[in-house]
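Each chain gets a letter, A, B and so on, in the order its sequence line appears, and its residues count up from 1. Just so you know, these numbers come straight off a predicted model, no measurement behind them.
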2 protein chains.
Amino acid sequence: MPVTVLLVDDEPLVRAGLRAVLDAQPDIEVVGEAADGAAVIPLVRSLRPDVVAMDVRMPLLDGIEATRAVLRSVDEPPKILVVTTFENDEYVYEALRAGADGFLLKRARPAEIVHAVRLVAEGESLLFPASVRQLAAEHGENGGNPAARAALERAQLTEREAEVLRLMTRGLSNAEIAARLVVGTETVKSHVSAILAKLGARDRTQAVIAAYESGFVAPG
Amino acid sequence: MPVTVLLVDDEPLVRAGLRAVLDAQPDIEVVGEAADGAAVIPLVRSLRPDVVAMDVRMPLLDGIEATRAVLRSVDEPPKILVVTTFENDEYVYEALRAGADGFLLKRARPAEIVHAVRLVAEGESLLFPASVRQLAAEHGENGGNPAARAALERAQLTEREAEVLRLMTRGLSNAEIAARLVVGTETVKSHVSAILAKLGARDRTQAVIAAYESGFVAPG
DNA sequence: GATCGTCTCCCCCGCGCGGGGGAGGTCCGC
DNA sequence: GCGGACCTCCCCCGCGCGGGGGAGACGATC
């Protein structure tokens, strides 16, 4: 059975584009559309889609509130893929915190869009903006310092947070990081929470994965 | 102040080699040697080294028991770097479980040996055999299937464990992995524990790091 | 001076994680 | 037949982790 998708976006053109891209796939089926967040819940209830592709910036009810509402009021909520125009959209991180499962740029190539839908449908998370990974690939072949710094800027990590994330990618615990940075464990926890929120990660493991996938750290 | 190291190996030649390599570094100082595990504890007590480079296979008291003994009987135990000849040494994993901090192949290049000592001295863990990473680099440029499979064999992961590790590198929780594999969460926990032991990882984050560093999974 | 972001530290709280055991099942090879 | 690996599931238990709040200090910016 195909992956069923509900499109939620105030721009008809965007909906049409997503529908064209997704319906071209044999294993994906767009089962409905909505123009604002307020219409999402009844549609989710009646259509029971696997994935909701949700715009963040919408009239009446934005993507963040709509995400919360869906997760709160539906028993087996669909996966929620947040769609946005800007890679540096602060709303996106709020949406991810609200429980969204993934992140998608409107200007992503069709193959990437399809990939994103399949991934979240399978239950996996799209932690980092796809643009960050792309950016890391563009800057030099092996994601060195400039790429890492650029990725950092995209994720809007502060210097301290970046340092903490680096130590996290070395496998250190909060207490070990605290000892290394000569601060309290509570401080480290604050930084870690901020990192998780900004990266849309659920736990430190997902944050480390995001760091590798984005080129923030390179293996080997 | 330099990193102080105690060498423990039954072969004088190996001790001499390690001493030559390490003493050539301005920031590393070999402060003592022992020929078997039984002599380690008093030496650790009197010399208080930062790092103990410990052979696994030794007469009287092997590296595993010696590691346990040191960690058990010394207040501020040194970091323990397990030294071995074979990358596929089952004793090594036991030693890591016993509390050793790192892993070193005797045939590693001098730079790698120095690096390993510095790393464990800093409190970081050398999770995976360095040989696995090297092996991943040799097999094709991007660590594809053959490299991953080879790395798997080195770590002696079973098929099921490899599958679980793969899902761990996707950021899934134990419950999510259980749902995906249609087994109980207790089963997943068993597999995860086995993976952590074989990889010498303390938690799932370190296991995921090891997976990336070894080429078991490739970013991007 | 007021505001903002950053870094620092504190509280309470629930839960997932990992360690320590054990145990039954299948399949394979000796 | 009998070990031995492997997969599966179970128990108890402690603790680290992460969420949700709040708050003070500092420097930069307006």
- prompt: Roughly how many Å is it from CG in A:Leu181 to P in C:dT8, rounded to a whole number?
  reply: 8 Å
Minimum side-chain heavy-atom gap A:Pro77-A:Val44 below 4.5 Å: no
Whole-Å gap separating C1' (D:dC7) and CD (B:Glu161): 10 Å
message: Do A:Val52 and A:Leu43 have side chains that approach each other closer than 4.5 Å (heavy atoms only, starting at C-beta)?
response: no
Just the table, please: protein N/O against nucleotides 26-30 of chain C N/O, every pair under 3.5 Å.
none

- prompt: Between the side chain of B:Gln206 and the main-chain N/O of B:Arg202, is any donor-acceptor distance below 3.5 Å?
  reply: yes
- line: Angle separating the five-pair end axes of the helix from C:dG1-D:dC30 to C:dC30-D:dG1, nearest 10°, is 40°
statement: Looking only at heavy atoms, the pair that brings B:Val192 and B:Met168 closest together is CG2-SD, 4.1 Å
- prompt: Rounded to the Å, how far apart are A:Glu159 CD and D:dG27 P?
  reply: 16 Å
- line: Result for side-chain hydrogen bond (donor to acceptor under 3.5 Å, both in side chains) between A:Asn174 and one of A:Arg204, A:Glu186, A:His191 points to A:Arg204
- line: Contact string for nucleotides 9-17 of chain D, one letter per nucleotide 5' to 3', B = base within protein heavy-atom range under 4.0 Å, S = sugar-phosphate only, - = neither, reads BBB-----S
- request: Give, for atom OG1 of A:Thr67 and atom CD1 of A:Ile80, the distance between the pair rounded to the nearest 0.5 Å.
  value: 4.0 Å
message: Between A:His191 and C:dT8, is there a contact of a side-chain N or O with OP1 or OP2 at under 4.0 Å?
response: yes
Spacing of B:Lys189 atom NZ and B:Leu196 atom CG [to the nearest 0.5 Å]: 12.0 Å
task: Using side-chain contact (heavy atoms from CB on, under 4.5 Å) as the criterion, list what pairs up with A:Asp50, not counting sequence neighbours.
output: A:Val3, A:Thr4
Set of salt bridge (Lys or Arg N to Asp or Glu O under 4.0 Å) partners for B:Glu163, sequence neighbours left out: B:Arg166
- request: List in chain and number order the residues that pass side-chain hydrogen bond (donor to acceptor under 3.5 Å, both in side chains) with B:Asp27, two or more places apart in sequence or in another chain; answer none if no residue qualifies.
  value: B:Arg118
query: Looking at B:Ser193, does any N or O in its side chain come under 4.0 Å of the phosphate oxygens OP1/OP2 on C:dG19?
result: yes
- prompt: Do the side chains of B:Leu181 and B:Thr187 get nearer than 4.5 Å, heavy atoms only?
  reply: no
